[in-house]
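Comments concern the structure below.
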There are 2 protein chains.
Amino acid sequence: MSTRPALASSAPPADAPRPSRRSRHGDTREDREAAIVDAGLDLFLEKGFAATKVDEVARRAGVAKGTVYLYFPSKDDLFHAVVRRSVEPLIDVVEDLAHDPDAPASDVLTRVFKALYAEVVATDRREVLRLIIAEGGRFPKLAAYYHTAVVRRGGAALRSLVAEAVERGEFRDGPAAQRPEVIMGPALLALVWTLVFQEIDPLDLDEILAAHIDLVLNGVKASA
Amino acid sequence: MSTRPALASSAPPADAPRPSRRSRHGDTREDREAAIVDAGLDLFLEKGFAATKVDEVARRAGVAKGTVYLYFPSKDDLFHAVVRRSVEPLIDVVEDLAHDPDAPASDVLTRVFKALYAEVVATDRREVLRLIIAEGGRFPKLAAYYHTAVVRRGGAALRSLVAEAVERGEFRDGPAAQRPEVIMGPALLALVWTLVFQEIDPLDLDEILAAHIDLVLNGVKASA
DNA sequence: CTATAGTGACTGACTGGTCAGTCATGCAAG
DNA sequence: CTTGCATGACTGACCAGTCAGTCACTATAG
């Protein structure tokens, strides 16, 4: 396992272009893996980790249970892949919006809030957060990944946005400007509310978004 | 089996004072039930519903598995009892603080925020919210209970507090005052952050509390 | 007061069912 | 023919819920 035998004459070079043989059913290795992850995404989001059966994921992906284990060593690993797959697209969207150094910070924030409500809170993507909260305790690596991929990156962007606005005199300095994470709070509230009470007492997201923007901008703007 | 013989002369009257026999081990029925709920509380909070074994709850409560089923018809019912038990104390604490019609609303809010951070966000009680979020989907009754017991009640109190402050001219009217739920957002953010990222990147709750108060009060206060 | 029958709280081995992960076999592509 | 992907029946572990039996205590009889 440690050293290769020296006689490796006809051994394929390490950088062999991977035959990439088509699978039995005519699709590529990547297609199948994606199908499995997609099926897992649906089911994990819908039912959580424990209640989702590997067999079910396999059937929804159109493969047999054993096939799942050709692509992922365990249910845990499949779960990680699923979360990664569902988080990554989010990041790019938001990062694009936030990077606009010349616009007033209040415009940038408004735009980001609107995007978050429309693209996350109001869609099934919010379920990702349920997974993170629910399973984060049992999968510390999951929490760590999410922290690195989303929280740390988003926090840094937010921090610099606000710091610049303070310097420019657009925002008031103070405890809130020092801890700009708090301004995302109302969006999280809307998200969690929707997750838990959607059926019982659905939130009017437009109103909440307006209230959020109103509260935050008045809370941090330098007094006129 | 169906009817008693008519001669039941010395039958005890229906209103007999219930001997209230002590249980085999010398403690009362209520003691044992409480012990089981307490054990369940620990374990459900720590591991979630699916990962907690009834046998484990029983052992921690110092009884046999079968005994649990003498007190609760199913694991689900035990779970409900556990959540109810852990939520009820919270409500009273906060409700007391909030009811102070003569104080300025900003003082009342500050007091409530401080209490929430100290009594919930900074303690194991925050785990209750993880349960609600994680299992709310699979137990709609749980979400409904929490909504009635906590959200609806708290929301009503908050709404009237803010409405009065607006009338008095202390708070500015506007979208935020119309949807005062949003002002609780940062506390929820702190709570969820702590739940998920405690180990990785712990939050300085004092700073966040200060930022929260700063943001919210400046966000809703009528301009001087 | 002692002996005996009655009560019901408590126990834990057992059952039936579920499910993650394995592996002998089949089969299509090269 | 050979290679290695794909299959799904199978295994072993696990666990919610059950129930026949035990035992501490109570009530009544002698």
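Here the structure is a predicted model, which means the values were calculated and not measured. Here is the naming used below: chain letters follow the sequence lines, and residue numbers restart at 1 for every chain.
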Task: Euclidean distance, atom CG of residue Leu43(B) to atom C1' of dC15(D) [Å, nearest integer] - done: 15 Å
Open item on the list: Treating Glu56(A) as the side-chain partner and Lys53(A) as the backbone partner, does any N or O pair qualify as donor plus acceptor under 3.5 Å?
Closed with: yes
TODO: Return yes if some donor-acceptor pair links the side-chain N/O of His212(B) with the main-chain N/O of Ile183(B) below 3.5 Å, else return no.
DONE: yes
Task: Distance test, side-chain N/O of Arg32(B) to OP1/OP2 of dC10(C), below 4.0 Å - done: yes
- [ ] Could you tell me the separation between the CG atom of Asp77(A) and the C1' atom of dG21(C), rounded to a whole number of Å?
- [x] 13 Å
- [ ] Tell me whether the OP1 or OP2 atom of dC19(D) has a side-chain N or O from Tyr69(B) closer than 4.0 Å.
- [x] no
Task: d(CD, Glu33(A); P, dA6(D)) in whole Å - done: 12 Å
Task: From dA20(C), dT11(C), dC10(C), nucleotide with atom closest to Tyr71(B) side chain - done: dC10(C)
Task: Ser74(A), nearest nucleotide to its side chain (from dG17(D), dA6(D), dG21(C)) - done: dG21(C)
TODO: For Arg130(A) and Leu45(A), indicate whether the former's side chain and the latter's backbone hold a donor-acceptor pair under 3.5 Å.
DONE: no
- [ ] Could you check how far NZ of Lys53(B) sits from C1' of dA13(D), rounded to whole Å?
- [x] 11 Å
Task: Atom-pair distance (CD1 on Ile36(A); C1' on dC5(D)), nearest Å - done: 12 Å
Task: Atom-pair distance (CD on Glu56(A); P on dG8(D)), nearest Å - done: 17 Å
- [ ] Name the closest nucleotide to the Leu70(A) side chain, picking from dT7(D), dT11(C), dA16(D).
- [x] dT7(D)
Task: Of the listed nucleotides dG17(D), dT7(D), dT11(C), the one nearest the side chain of Ala64(B) - done: dT11(C)
TODO: Determine whether more than 12 heavy atoms belonging to other residues, nucleotides or ligands lie under 6.0 Å from atom CD of Glu199(B).
DONE: no
- [ ] Classify the side chain of Lys65(B) and the base of dA16(D) as holding, or not holding, a donor-acceptor pair under 3.5 Å.
- [x] yes
Open item on the list: Quick check for you: among dG17(D), dC10(C), dA20(C), whose closest atom lies nearest to any side-chain atom of Val54(A)?
Closed with: dA20(C)
TODO: Could you state the atom-to-atom distance from CG of Asp76(A) to C1' of dG21(C) in whole Å?
DONE: 12 Å
- [ ] Mark yes when over 12 heavy atoms from residues, nucleotides or ligands other than Asp76(A) sit less than 6.0 Å from its CG; otherwise mark no.
- [x] yes
Open item on the list: Just the rounded figure in Å: distance from C1' of dG12(C) to CG of Asp55(B).
Closed with: 9 Å
